[in-house]
Amino acid sequence: MQFSHRVFALASALAVTACSEPSPVGPDSRADDVRLAAQFAASGSYAISFLKETATGLAPAADTEPVGTYLVLRSEVRDAAGNLATSGTVTYQYCSLSGDFAPSSACATGSGQWKRWGSGPVDPVGTRFGFGSCSTPRTIGFRVTYSGRKSGIANGASAPRDFTWQ
C-alpha cells in the first residue's frame with residue numbers, strides 16, 4: 001500500500017471515531033455535564049477586609065489610615081450556609097489606571113483594570129496577604145476573587161473596597 005493510501009485510511013478511521021457516539025462503557029464527559037455541575041455549585045459570599053500592622057501585631061484597620069500605615073489584605077469565603085471555605089484559592093487584585101494605583105471607581109467605569117497582587121490557598125481563619133504602605137496620600141481599590149475547584153462553592157469575587165492613606 002502506498003504512503004498516501006495509508007494516510008487516507010488512517011484519516012478516514014479517525015474521522016469515523018471522532019464522529020461516533022460515546023462508548024456505552026466509557027465515561028461521558030460532555031461539555032453540558034460540566035456546565036450543569038458548575039450551575040449546581042453552591043453560591044458563596046466573598047469579602048475583603050483590611051488589617052494594619054501595629055506594635056502588638058495585626059489589628060483591624062479602618063478604610064482610612066495615616067500615610068505610612070502597613071496594610072494587610074484579608075479575605076473570607078463562605079458557602080451558602082455560612083460555613084468558611086476549607087479549600088480553593090484566593091487572588092487579591094488592585095485597581096490600576098494608566099499603570100498607577102487607582103480607586104475602585106476607575107475599574108467600575110471601565111477606565112481602569114483589575115491587576116493581580118498575589119494569591120494563595122484558602123485558610124479557614126482568613127487568608128492574609130501583605131500589601132505594604134504608601135508614603136503619599138492616595139486611595140487604592142482592592143477586591144478578592146475565589147476559585148474553588150471541587151469545593152462546592154461557586155467561583156466569585158468580593159465587592160470592591162477602597163483603602164485611603166491620608
Side-chain angles (χ1 to χ4, degrees), residues 27-166:
D28 185 5
S29 60
R30 295 182 180 150
D32 288 340
D33 295 338
V34 173
R35 277 192 291 271
L36 282 174
Q39 231 175 351
F40 290 108
S43 62
S45 64
Y46 321 93
I48 187 167
S49 58
F50 304 127
L51 300 171
K52 63 182 175 181
E53 193 174 67
T54 68
T56 59
L58 294 175
D63 289 348
T64 302
E65 293 286 346
V67 165
T69 300
Y70 188 89
L71 179 67
V72 175
L73 307 172
R74 182 180 181 271
S75 66
E76 190 173 277
V77 177
R78 294 182 177 271
D79 66 15
N83 301 309
L84 287 168
T86 58
S87 65
T89 302
V90 292
T91 300
Y92 292 97
Q93 298 175 323
Y94 66 92
C95 186
S96 175
L97 178 63
S98 302
D100 200 6
F101 295 118
S104 60
S105 59
C107 287
T109 63
S111 58
Q113 62 186 91
W114 291 106
K115 300 279 190 168
R116 181 184 179 279
W117 181 254
S119 62
V122 166
D123 184 327
V125 297
T127 303
R128 298 172 184 161
F129 209 89
F131 181 79
S133 63
C134 287
S135 58
T136 57
R138 67 177 51 227
T139 299
I140 302 175
F142 295 96
R143 74 175 184 180
V144 65
T145 63
Y146 172 75
S147 174
R149 230 180 311 151
K150 299 180 184 179
S151 73
I153 302 173
N155 295 346
S158 70
R161 190 166 173 192
D162 288 344
F163 185 85
T164 301
W165 284 269
Q166 63 177 9

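Asn155 places a side-chain heavy atom less than 4.5 Å from the side chain of Ser147. Contact annotation: the side chain of Val144 never approaches that of Leu73 to less than 4.5 Å [non-hydrogen atoms, C-beta and beyond].
Nearest heavy-atom pair across Ser104 and Trp114 is CB-CH2, 4.0 Å. Heavy atoms only, all atoms of each residue included: Ala85 and Ile153 are closest at CB-CD1, 3.7 Å. Heavy atoms only, all atoms of each residue included: Asp162 and Gly141 are closest at OD1-CA, 3.1 Å. Listed here is the closest heavy atom pair of Thr136 and Trp165: O-CB, 4.2 Å. Here the closest heavy-atom approach between residue Ile48 and residue Phe142 is recorded as CD1-CB, 3.8 Å. Between Val122 and Ser87, the shortest heavy-atom distance links the atoms CG2-O, 3.6 Å.
Annotation: side chain to side chain donor-acceptor pair (under 3.5 Å) contacts of Ser96 (sequence neighbours excluded): none. Among residues two or more places apart in sequence or in another chain, the side chain to side chain donor-acceptor pair (under 3.5 Å) test is passed with Arg128 by none. When the salt bridge (Lys or Arg N to Asp or Glu O under 4.0 Å) test is applied to Asp63, the partners found at least two apart in sequence or on another chain are Arg161. For the disulfide bond (SG atoms under 2.5 Å apart) test, residues two or more places apart in sequence or in another chain that qualify with Cys107 are Cys95. Every residue two or more places apart in sequence or in another chain that forms a side-chain contact (heavy atoms from CB on, under 4.5 Å) with Thr64 is listed here: Thr164, Gln166. For Asp123, the side-chain contact (heavy atoms from CB on, under 4.5 Å) partners two or more places apart in sequence, or in a different chain, are Val125, Thr127. With sequence neighbours excluded, no residue forms a side chain to side chain donor-acceptor pair (under 3.5 Å) with Thr91. Checked against side chain to side chain donor-acceptor pair (under 3.5 Å), Asn83 has the following partners two or more places apart in sequence or in another chain: Asp79. By the side-chain contact (heavy atoms from CB on, under 4.5 Å) test, Ser111 is found to be paired with Leu97, Ala106, Thr109, residues two or more places apart in sequence or in another chain being considered.
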Would you be so kind as to tabulate the donor-acceptor pairs closer than 3.5 Å made by side chains of residues 49-59, with sequence neighbours excluded?
from  : atom 1 : to    : atom 2 : distance (Å)
Lys52 : NZ     : Glu65 : OE1    : 3.4
Thr54 : OG1    : Thr56 : N      : 3.3
Thr54 : OG1    : Thr56 : OG1    : 3.3
Thr54 : OG1    : Gly57 : N      : 3.3
Thr54 : OG1    : Gly57 : O      : 2.6

Practice task
Dump the intermediate steps for side-chain contact (heavy atoms from CB on, under 4.5 Å) on Phe163 and Ile140, then the final yes or no.
Solution key: CA-CA 5 Å; Phe163 185 85; Ile140 302 175; 5.6 Å; no
Problem - Audit row: Arg74, Val72, side-chain contact (heavy atoms from CB on, under 4.5 Å) steps and yes/no - result: CA-CA 7 Å; Arg74 182 180 181 271; Val72 175; 5.7 Å; no
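Residue pairs meeting the disulfide (SG to SG under 2.5 Å) criterion with at least one partner in residues 123-166, sequence neighbours excluded, are absent. Listed by first and then second residue, the disulfide (SG to SG under 2.5 Å) pairs that reach into residues 135-166 come to none, sequence neighbours excluded.
The OG atom of Ser45 lies 8.5 Å from the CG atom of Leu84; values are rounded to the nearest 0.5 Å. The distance from atom OH of Tyr94 to atom CZ of Arg116, rounded to the nearest 0.5 Å, is 11.0 Å.
Listed for the Ser43 side chain is no donor-acceptor partner under 3.5 Å among the backbone atoms of Ala80.
Using a 30° and 60° split on the angle between ring planes, Phe131 and Trp117 fall in the tilted class, from 30° to 60°. Ring geometry for Phe129 against Tyr92 counts as tilted: the plane angle lies between 30° and 60°, on a 0 to 90° scale.
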